[in-house]
Amino acid sequence: MTHLTKLTFKTVDRSVKRDPIIARRDKLVAGLKEQKLVHAATLKKEDHLVERDKWMTNDMGERVLVKTHRRIRPWFFEQDGGWYVQCRYGARVITADGTNNAVFVKSLADVLGVLDTLLNAAEAGELDTAITQVAERKPALKPGAAKAAAHA
């Protein structure tokens with residue numbers, strides 16, 4: 001008798017039960033909540049730092065897990081006598097209303113109101129189409145390939 005005869009084997013396909021739209025929405029909501037923390041740190045004139053683990057090689061050549069700090073970049077910036085707030089999904093800027101990519105406010109204190117509004121809209125699913133447009137990957141074409149495909 002082998003050890004494997006004690007086990008019950010089946011052929012099964014793993015199914016993903018999580019809806020990708022809900023997953024994207026949750027990712028955006030988490031980012032907006034983090035931006036509220038970045039805003040609070042900015043009001044105190046500090047950087048918002050997040051602790052993360054990083055594998056590094058020490059002096060003796062051993063791989064060790066080290067805790068480091070990473071600064072979170074704000075989605076808002078000062079320009080034209082006020083503050084612009086952009087909503088991002090990963091590294092891409094979302095056009096929340098379909099055409100414009102930023103909201104203008106007069107002061108840094110007003111940025112929190114915009115972040116709250118964007119957070120409520122994201123939780124309600126109002127930004128799902130904008131997230132989907134930004135999240136889908138466009139195939140990278142070599143220079144001239146698009147022109148050649150159009151003439152074919």
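Just the heavy atoms: all of them, side chains too, but no hydrogens, waters or symmetry mates, feed the values below. Keep in mind that this is a model prediction, so the values were computed, not measured.
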field: Distance (rounded to the nearest 0.5 Å) between Glu123 CD and Leu119 CG
entry: 4.5 Å

message: Using the side chain to side chain donor-acceptor pair (under 3.5 Å) criterion, which residues pair with Asn120? Sequence neighbours excluded.
response: none

message: When you measure from the side chain of Asp97 to the backbone of Thr99, do you find a donor-acceptor pair of N or O atoms at a distance under 3.5 Å?
response: yes

- line: Residues at least two apart in sequence or cross-chain that pass side chain to side chain contact (heavy atoms under 4.5 Å, CB included) with Arg88, listed by chain then number, are Trp75, Gln86, Val93

- request: Check the pair Asn101 / Cys87 against side chain to side chain contact (heavy atoms under 4.5 Å, CB included), numbers first and verdict last.
  value: CA-CA 8 Å; Asn101 67 357; Cys87 187; over 6 Å; no

Side chain to side chain contact (heavy atoms under 4.5 Å, CB included) evaluation trace for Arg71 with Arg73: CA-CA 6 Å; Arg71 185 175 81 84; Arg73 291 186 179 153; 4.1 Å; yes

Heavy-atom side-chain proximity of Gln35 to Ile72 below 4.5 angstrom: yes

message: I need the minimum non-hydrogen distance between Val105 and Asp110, along with the two atoms involved.
response: CB-CB, 3.7 Å

- request: Taking salt bridge (charged side-chain N to carboxylate O under 4.0 Å, His left out) as the test, write out the residues that go with Asp80, two or more places apart.
  value: none

- request: Provide the closest heavy-atom pair for Ala122 versus Leu28 in the form atom of the first, atom of the second, distance.
  value: CB-CD2, 3.8 Å

task: Among Ile, Leu, Val, Met, Phe, Trp and Tyr joined by side-chain contacts under 4.5 Å, find the other residues sharing a cluster with Leu37 and list them by chain and number.
output: none

- prompt: His39 versus Pro74: any side-chain heavy-atom pair under 4.5 Å?
  reply: no

- request: Using the side chain to side chain donor-acceptor pair (under 3.5 Å) rule, collect all pairs that involve residues 49-61, keeping only residues at least two apart or in two chains.
  value: Asp53-Lys67, Asn58-Glu62

query: Between Thr42 and Leu108, is any pair of side-chain heavy atoms under 4.5 Å apart?
result: yes

- request: Could you go through the side chain to side chain contact (heavy atoms under 4.5 Å, CB included) check for Ile94 and Arg92 one step at a time?
  value: CA-CA 6 Å; Ile94 295 174; Arg92 297 182 176 103; over 6 Å; no

field: All pairs passing ring pair (Phe, Tyr, Trp, His ring centres under 6.0 Å) where residues 79-130 contributes a residue, at least two apart
entry: Phe77-Tyr84, Tyr84-Phe104

Heavy-atom check, side chain of Pro20 versus side chain of Thr132, under 4.5 Å: no

Pairwise salt bridge (Lys or Arg N to Asp or Glu O under 4.0 Å) hits with a residue in residues 20-41, at least two apart: Arg18-Asp26, Arg25-Asp128, Lys36-Asp116

message: Which residues pass the side chain to side chain donor-acceptor pair (under 3.5 Å) test with Asp19, not counting sequence neighbours?
response: none

- line: The complete set of ring pair (Phe, Tyr, Trp, His ring centres under 6.0 Å) pairs with one or both residues in residues 117-136, sequence neighbours excluded, reads none

field: Other cluster members, Met56 - Ile/Leu/Val/Met/Phe/Trp/Tyr, side-chain contacts below 4.5 Å
entry: Val64, Val66

message: If hydrophobic clusters are built from ILVMFWY residues whose side chains come within less than 4.5 Å, do Leu32 and Val50 share one?
response: yes

- line: Those residues at least two apart in sequence (or on a different chain) that pass ring-ring contact (aromatic ring centres under 6.0 Å, His included) with His48 are none

message: What's the separation between atom CG in Leu43 and atom CG in Leu112, rounded to the nearest 0.5 Å?
response: 8.0 Å

field: Shared-cluster residues of Leu7, by chain and number - hydrophobic side chains joined below 4.5 Å
entry: Leu4, Phe9

